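For reference, the structure is listed below as structure tokens.
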Amino acid sequence: MSDLFNDDGDAAGAALTAHEPLAARMRPQCIGDVVGQDHILGPGKLLRRVIEADRLTNLIFYGPPGCGKTTLAEVIARITKRRFERTSGVLSNVATLRTICEGAKIYRSAAGTVLFVDEIHRFNKAQQDVLLPYVEDGTVTLIGATTHNPNIFVNSPLTSRSLVFELRPLTEGAVAEIVRRALADASRGLGHLASEVAPEAVAFLSTICDGDARRALTALEVAVRSTPPGEDGVVRVSREVMEDSVQRKMVLYDKDEDGHYDTISAFIKSVRGSDPDAAVYWLAKMLEAGEDPRFIARRLIILASEDIGNADPRGLTVAVAAMQAVEFIGMPEGRITLAQATTYLATAPKSNASYLAVDEALADVRSGRVLAVPEHLKNIHVDAVGKEGLDVAYKYPHDFDQHTVRQDYLPAVKRYYRPTAQGYEDTIAKRMEHVAKLKKGDGKGGRA
């Protein structure tokens, strides 16, 4: 086997043609060309060890678009000298998979076949049932790619037979390095063109592309090839030209999938954590991505009771009013109301005492702690033989001093609601202490 991590890749590069997109031409030809992902490809890391030992097993790559999932699969197949077959969880049907896998049997005596499945989370049960026998007997080595959390979206029989690696978004520095390589590479990149890209343009591109190398290279090629050269024949790309080439920044947000759940989670946790700046940012990301503002408003109402509660009872009023306002005025003006509610709730004192109280009571009810309603609290008293003298009269609190009287409201004494010292809940706690002292007074409560 040749040097797995520094192969020059000339043969592979020769197959590339000038009409292919820059992102395709600049695909790494060896592991040494891969930028980023040091957490799995660095010296001594598991994936690197698997490749170095040529002990390739089934793999699932999980990460955002443009982080190198497909590229890494191709490189692994190349340097381990395996045949490479590519399909998709969307496009491939049962017949296609069976044809690919049956064809792979011819190559079992050689290095074997890597079957790369893009969007593997789209596999249905029928596709999986066809593939699994070929995976289990080694006819194909499966490498799947997905932008979705495989623990949720990929069938467990596939994940249980695979090593799952999370690929991270490329850092701005990594994207900048890829851009510079493309500008310098005369055979596969743009190095054969007389061009100068301003450092601030590279910096802008590296920031705006959210770790997506494919998007960065596409914008770079558009900028260089669409900009007319100067009098000296040199194409000069400024930051302004690059901004125009990138156009509007796309928000990475798959509605109803990972981006949706991760972003709303970050939003709620930022409000709960009393960070209005972070909360407003995540709010803006959701709105820009087209999230339903009513969904955001509903989550704020839940949060107002769960995480703020009686520490600031006005929080619930604000959240409900925001939902009604958004329904009434719609977007884009609704963003202002959502921002007001978000910042109010983020800066409000926090308490989850009400949330804990009801869950603790529910746990008691569900575990069998179901108590009968005391006779004096029932709506209608039943006269029956044998009950004479057992009834306890209900005491109407407003008939007593300070509208408080000692009487049992629960057969077993247990405290569920424990107010904190946060915000208005501190006042509630003091009021509860005062009422407890009144009830302990004379045992009866004084007449009003």
Side-chain angles (χ1 to χ4, degrees), residues 1-7 12 27-34 36-63 67-89 92 96-125 127-168:
M1 186 178 293
S2 61
D3 187 342
L4 301 180
F5 295 89
N6 294 288
D7 179 53
R27 284 190 188 278
Q29 304 301 307
C30 63
I31 294 293
D33 289 344
V34 176
Q37 315 307 336
D38 289 342
H39 63 292
I40 58 175
L41 289 174
K45 299 299 182 181
L46 177 58
L47 183 56
R48 189 181 185 112
R49 297 202 313 270
V50 167
I51 299 170
E52 286 178 329
D54 196 16
R55 290 294 182 266
L56 191 61
T57 185
N58 303 307
L59 308 171
I60 293 179
F61 294 147
Y62 156 55
C67 66
K69 300 184 293 295
T70 304
T71 294
L72 190 53
E74 291 178 349
V75 169
I76 289 173
R78 182 180 302 120
I79 64 180
T80 57
K81 300 189 183 303
R82 283 171 166 80
R83 176 170 166 265
F84 187 81
E85 286 281 356
R86 176 174 179 171
T87 187
S88 166
S92 61
T96 301
L97 285 174
R98 185 174 285 113
T99 299
I100 292 174
C101 292
E102 285 295 321
K105 289 182 176 180
I106 302 172
Y107 300 89
R108 288 190 64 177
S109 58
T113 299
V114 163
L115 173 59
F116 176 72
V117 180
D118 199 11
E119 297 190 81
I120 194 171
H121 59 276
R122 304 287 188 185
F123 258 14
N124 59 36
K125 187 177 185 301
Q127 291 168 307
Q128 175 184 301
D129 288 344
V130 168
L131 181 61
L132 282 178
Y134 297 99
V135 170
E136 289 180 336
D137 67 11
T139 299
V140 296
T141 301
L142 174 67
I143 300 183
T146 177
T147 56
H148 295 57
N149 185 338
N151 293 329
I152 300 174
F153 291 96
V154 177
N155 296 316
S156 58
L158 291 178
T159 56
S160 66
R161 292 166 173 80
S162 308
L163 291 176
V164 178
F165 291 94
E166 180 176 1
L167 276 65
R168 299 170 182 169

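Here the structure is a predicted model, which means the values were calculated and not measured. Both backbone and side-chain heavy atoms feed into the values below; hydrogens, waters and symmetry mates do not.
- Counting heavy atoms from C-beta on, the side chains of L56 and I76 come closer than 4.5 Å.
- Between atom CZ of residue F84 and atom CG of residue L115 there is a gap of 8.5 Å, rounded to the nearest 0.5 Å.
- Checked by atom type and distance alone, the side chain of S162 never pairs as donor or acceptor with a backbone atom of T159 at under 3.5 Å.
- A 4.5 Å side-chain heavy-atom check between F123 and S92 finds at least one atom pair inside the cut-off.
- Between N124 and Q128, the closest side-chain pair of non-hydrogen atoms is not below 4.5 Å.
- Considering all non-hydrogen atoms of both residues, E74 and R86 come closest at OE2-NH1, 4.1 Å.
- Rounding to the nearest 0.5 angstrom, the gap separating the CD atom in Q29 from the CD1 atom in I79 is 11.5 Å.
- For the residue pair S88 and E119, the shortest heavy atom distance occurs at OG-OE2, 4.3 Å.
- Using a 30° and 60° split on the angle between ring planes, F153 and H148 fall in the perpendicular class, above 60°.
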Kindly determine whether V140 and V114 satisfy side chain to side chain contact (heavy atoms under 4.5 Å, CB included), including the steps that lead there.
-> CA-CA 6 Å; V140 296; V114 163; over 6 Å; no
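- With values rounded to the nearest 0.5 angstrom, T80 atom OG1 is found 12.0 Å from R55 atom CZ.
- Atom CZ of R168 has 12 or fewer heavy atoms from other residues, nucleotides or ligands within 6.0 Å.
- Salt-bridge formation is not detected for the pair E52/R49: no Lys NZ or Arg NE/NH1/NH2 atom is positioned less than 4.0 Å from an Asp or Glu carboxylate oxygen.
- Note that CD1 of I100 and CG of L97 are 6.0 Å apart. Values are rounded to the nearest 0.5 Å.
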Verdict with reasoning, T146 to F61, per side chain to side chain contact (heavy atoms under 4.5 Å, CB included) | CA-CA 6 Å; T146 177; F61 294 147; over 6 Å; no
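- The shortest side-chain heavy-atom distance between N58 and T141 falls under the 4.5 Å cut-off.
- Counting heavy atoms from C-beta outward, I143 and I120 have side chains that stay 4.5 Å or more apart.
- Here the closest heavy-atom approach between residue K45 and residue D38 is recorded as CG-O, 3.6 Å.
- Contact check for I60 versus V154: side-chain heavy atoms found under the 4.5 Å cut-off.
- When side chains are defined from C-beta on, D118 does not count as touching T87, because their heavy atoms never get closer than 4.5 Å.
- Nearest heavy atoms, F116 versus A73: CD1-CB, 3.4 Å.
- Between P150 and Y62, the shortest heavy-atom distance links the atoms CD-CG, 3.5 Å.
- Between D54 and R82 there is a salt bridge, since a side-chain N of the basic residue sits under 4.0 Å from a carboxylate O of the acidic one.
- Side-chain contact check for P157 versus L132: some heavy-atom pair is nearer than 4.5 Å.
- How far CZ of R48 is from CD of Q37: 13.5 Å, rounded to the nearest 0.5 Å.
- Closest of all the heavy-atom pairs between I40 and L47 is O-CB, 3.3 Å.
- Here CZ of R98 is found 10.5 Å from OG1 of T96. Values are rounded to the nearest 0.5 Å.
- Remark: the backbone N or O of L167 is not paired with any side-chain donor or acceptor of K69 at under 3.5 angstrom.
- Remark: of the listed residues L72, T70, V75, T70 is the sole one forming a side-chain contact (heavy atoms from CB on, under 4.5 Å) with R27.
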Candidate pair F165 and L46, rule side chain to side chain contact (heavy atoms under 4.5 Å, CB included), full reasoning = CA-CA 10 Å; F165 291 94; L46 177 58; 3.9 Å; yes
